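Model, not experiment: these values are computed from the prediction. Only this structure's heavy atoms are used, side chains among them; waters, hydrogens and symmetry mates stay out.
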Amino acid sequence: MPSHAESSLEAGLGALKQGDYKNAIAQLEPIASNTDQRKVAVLQAKVGLVMAYARSGDNSKAIALCQTLTEINNPQVKQWADRALKELTKPKKSDKESKKSETGFVPIKNSGDNYRPEPPPINPLNSSVTQVVVKINNPSNESHNFLPPANRLAKNTQMYWRHAGRAKVWQPRHKLNLLPLRLLTAGTFVALFSVMRAILKLLMNWSNNILYNIRLQPLQLFYRDPTQFLLIVLGILILASPWLLDWLLTNFYGRRELPKETLNIHSREAVRLLQRYCQQRRWRSPKLSILPIAAPIALSYGHLPRTARIVVSQGLLEQLADDEIATIYASELAHIAHGDCVIMSLVLLVTLPIYRVYQQVSQWTDNIPNKILHLPGVVISSVAYGVWCLLTGTALWLSKLRLYYSDRLAAEITGNPNALVRAFLKISIGIATDIEKQEHTSWQIESLNILAPVSYQQSVCLGSIAGQIPFESFLMWDSLNPYRRWFTINNSHPLIGDRIQRLCEIARHWHLDLELYLTNQQPLKIKRHSFILQIAPFLGIPFGLMFAGLLCLIWQIAFAFKLLNLKWIYDDWSFVTGCVFIGISIGIVMRILYFFPDADMKPSILQSFLPDASTTVHAGDRLPNLLANPSALPIDSIRVRLVGKLLGRRGTSNSLEQDLILQTNTGLVKLHHISGLLQLVNPQDWIGRQITVTGWFRRGATPWIDIQTLQTQNGQTINSFHLLWSMVLAVATLAWGGYILLKG
């Protein structure tokens, strides 16, 4: 499109956004009259004209132009035009109805537990012009955004949203059974206590051993059982958690009070929701706070409704619409109502100081000019990060389950499951955008992730790929893959697609249009042997036990017939442990053969036993297609070669290489790298540079790439040693198991 046409289009859409409809029509009409009706700019101008005609009161022209758009061979354009035409041809409301619509008042009917309707859905013709964006695929398969060229960092506001409606009067589907949540909440406390007790005992024993070795008197206190002391400390922390977390978030995250007047500017519905819900339950309104963070996050903490706090980020208020912000506040109210925030507050209170140690030690170490002195800092920060992961891991199951409950209650409080769906997607986009902008995962996002409504791990791909493929295509894996939940065991959040599908079921029950049309069908049928190979190391445990039982039976029979005198076998049952280790080792080897199927990478002794190597290498532009495959498993080992910018933390804070991300022209994807013992060049040295990544794409709850090589534009190469260390682990496990078995 010529530059003058581009400027006219931008000027016209800008005038439309500002409410200058006369100028908008003057700028857009010449572009819309272009004879090449397939041009992206022409379609952009036509949609803008429909909105300008409608808003200026010229409905006849708007209807005529909208009818031509319904015949366009583009599903997104046609869908928007159909909705707009439906609004344009609606009978005019009476004065009384119009006034009711403007004020947002809807008569209240009996709807169960005082569930009241909220304002009606947004008219597509009255929505912001920056939200009317449609992806158009031209014959050359090039994709464009249905507005002037968009900054990728502003993707959230330039996506096309259906703005599916909300319920006006609704009933809850059935009463929630909170028993599983209650039991898991108690179990999480037990798990956290057990892990902390084990760590404390280990530290006490180490301290006394060190004192003894340096010929000092060990502390007798450290020989006592710390159970009672730890229970008292955890009880005090639970009681003081609201105020202690206030202090931590204020001093290290910049938390400040959020007046309701300020919240009212961003979401009047959220303010009304808080007032109504708390009045119904005779609660004191939760204390509202805000964090100066660009990424959209929210969390709640406290031990009682009257001590509860709800904290949101500045990014959430800026990137979400009125009704979407209200659904997030409703979700946090659900956590308070269900009581799960009590233990989650304790988990956050325990883990934040440890994460702070990891962060602070990393910063101090990076400021030391002598590289030799970095080793102690690297060790301390890595251990602190490992302990943080371990303690956070005690709450993973509760973190997943509680979100299903809060999603359900949030939809029932607001009557707007579609707005909650949009909120999830916009949060994912906002987090991915923040990672792209900062060029690493911020420590605020990671440390608060356990309480966030959407995990940053799932947002990396989902949020960055938005606009490249429909959300429905990406989320099919989350809702249709029969083994999907097995891959969330180490995740802090359930799959977004799974959560959205449940919200869609609620919307269907209330006879609402859907924001996303996730297919409601039976899970896909995937060959079972692929999944068996995926979990082969874990299956080695039961097979090892079976092998131990078989050995025991054979040896007992031989002993009975006086063929062998191996009485030690059943006098000392440690041989069972050896058999289990051998089974795990065999499982690791079986998975290696399929995880790394390229024979040219493996020692020649293994090549005759390997499956045929696939020579297909997928480039970066195929990444959206790989993500859209709902039947993929990590074991599929798809070879890829992608070019992009390496993102991640720099310095000591990334010593474990836990934060490596590739930014391609189609989105972000997580990278897994394992260094060699004598590797002189570290991937951190290339962060911020253009690189080529070769490796294996894995589709799981969080898609990732196991790196084979990293290469810069000038030819420097770093190899990743996934295969080598996997074989070392397998051999070591086999040797240890054999030693235990033979030693008896």
Side-chain angles (χ1 to χ4, degrees), residues 128 130-131 150-159 161 242 245-274 285-302 308-333 335 348 352 355-356 359 410 419-420 422-456 459-460 462-464 466 493:
S128 171
T130 58
Q131 293 177 328
N151 184 339
R152 195 173 178 187
L153 299 179
K155 183 189 298 182
N156 190 342
T157 58
Q158 298 197 357
M159 287 294 299
W161 303 101
L245 284 171
D246 282 347
W247 184 85
L248 286 171
L249 293 177
T250 300
N251 286 274
F252 300 124
Y253 294 80
R255 182 195 72 91
R256 63 180 186 273
E257 301 299 322
L258 176 63
K260 287 189 176 180
E261 295 77 14
T262 304
L263 177 59
N264 191 64
I265 296 173
H266 295 278
S267 176
R268 288 181 295 176
E269 182 181 341
V271 175
R272 294 196 303 268
L273 171 75
L274 289 167
S285 183
K287 189 176 181 180
L288 305 182
S289 302
I290 187 170
L291 301 176
I293 299 174
I297 60 173
L299 60 140
S300 55
Y301 56 90
R309 281 92 159 108
I310 298 179
V311 183
V312 299
S313 67
Q314 186 69 36
L316 186 135
L317 296 181
E318 292 176 351
Q319 297 173 36
L320 270 61
D322 183 323
D323 56 343
E324 297 154 6
I325 295 172
T327 60
I328 295 299
Y329 271 95
S331 298
E332 300 308 321
L333 284 173
H335 294 314
L348 187 65
L352 280 187
Y355 192 93
R356 179 64 181 171
Q359 181 197 2
L420 189 55
R422 290 193 298 274
F424 291 160
L425 298 176
K426 289 185 179 181
I427 289 174
S428 295
I429 294 171
I431 291 174
T433 298
D434 185 73
I435 292 173
E436 288 180 314
K437 186 176 181 180
Q438 298 198 40
E439 298 191 351
H440 65 87
T441 305
S442 71
W443 61 271
Q444 295 98 331
I445 293 177
E446 184 176 52
S447 58
L448 299 175
N449 182 63
I450 192 69
L451 265 66
V454 175
S455 77
Y456 76 90
S459 300
V460 168
L462 174 60
S464 62
H493 293 64

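The shortest distance between side-chain heavy atoms of Leu245 and Leu352 falls below 4.5 Å. Taking 4.5 Å as the limit, some side-chain heavy atom of Asn449 sits within range of a side-chain heavy atom of His493. Contact check for Leu288 versus Leu274: side-chain heavy atoms found under the 4.5 Å cut-off. Taking the side chain as every heavy atom from C-beta outward, Val454 and Leu425 never approach each other to under 4.5 Å. Residues Arg422 and Thr327 fail the side-chain proximity criterion, which asks for heavy atoms closer than 4.5 Å. Inter-residue side-chain proximity for Arg309 and Pro242 is flagged as met; some heavy-atom pair is nearer than 4.5 Å. Within the 4.5 Å cutoff, the side chain of Ile325 has heavy atoms near those of the His266 side chain.
In this structure, the side-chain hydrogen bond (donor to acceptor under 3.5 Å, both in side chains) partners of Ser267, at least two apart in sequence or on a different chain, are Asp322. Shown here are the side-chain contact (heavy atoms from CB on, under 4.5 Å) partners of Phe252, two or more places apart in sequence or in another chain: Trp247, Leu248, Arg356. By the side-chain hydrogen bond (donor to acceptor under 3.5 Å, both in side chains) test, Ser300 pairs with Glu332, sequence neighbours left out. Residues passing the side-chain contact (heavy atoms from CB on, under 4.5 Å) test with Glu446 are Tyr355, Tyr385, Trp388, Tyr456, Arg649, sequence neighbours excluded. Residues meeting the side-chain contact (heavy atoms from CB on, under 4.5 Å) test with Ser289, sequence neighbours left out: Arg255, Glu257, Val311. Not counting sequence neighbours, the partners of Pro292 by the side-chain contact (heavy atoms from CB on, under 4.5 Å) test are Arg256.
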**OP:** Might you work through the side-chain contact (heavy atoms from CB on, under 4.5 Å) test for Ile265 and Leu317, ending with a clear yes or no?
**Re:** CA-CA 9 Å; Ile265 296 173; Leu317 296 181; over 6 Å; no
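In plain terms, the two heavy atoms of Gln444 and Ser447 that are nearest each other are O-OG, 3.3 Å. Minimum interatomic distance between Ala298 and Pro453 (heavy atoms only, all atoms of both residues): O-CD, 3.2 Å. For the residue pair Tyr329 and Val312, the shortest heavy atom distance occurs at OH-CG2, 3.4 Å.
To the nearest 0.5 Å, the span separating OG on Ser285 from NZ on Lys260 amounts to 3.0 Å. The CH2 atom of Trp161 lies 7.5 Å from the CD atom of Glu324; values are rounded to the nearest 0.5 Å. His335 contributes atom NE2, which lies 9.5 Å from atom CG of Leu299 (distance to the nearest 0.5 angstrom). Within the model, atoms CD1 of Ile328 and CD1 of Ile297 stand 12.0 Å from one another, a figure rounded to the nearest 0.5 Å. For the atom pair CG of Leu316 and CD1 of Ile431, the computed distance is 9.5 Å after rounding to the nearest 0.5 Å. In this structure, OG in Ser464 is found 8.5 Å from CD1 in Ile435, a value given to the nearest 0.5 Å.
When atom types are taken as modelled, the side chain of Thr262 and the backbone of Leu258 share no donor-acceptor pair closer than 3.5 angstrom. Judged by distance alone, with hydrogens and angles left aside, the side-chain atoms of Ser313 form a donor-acceptor pair with the main-chain N or O of Ala295 at under 3.5 Å.
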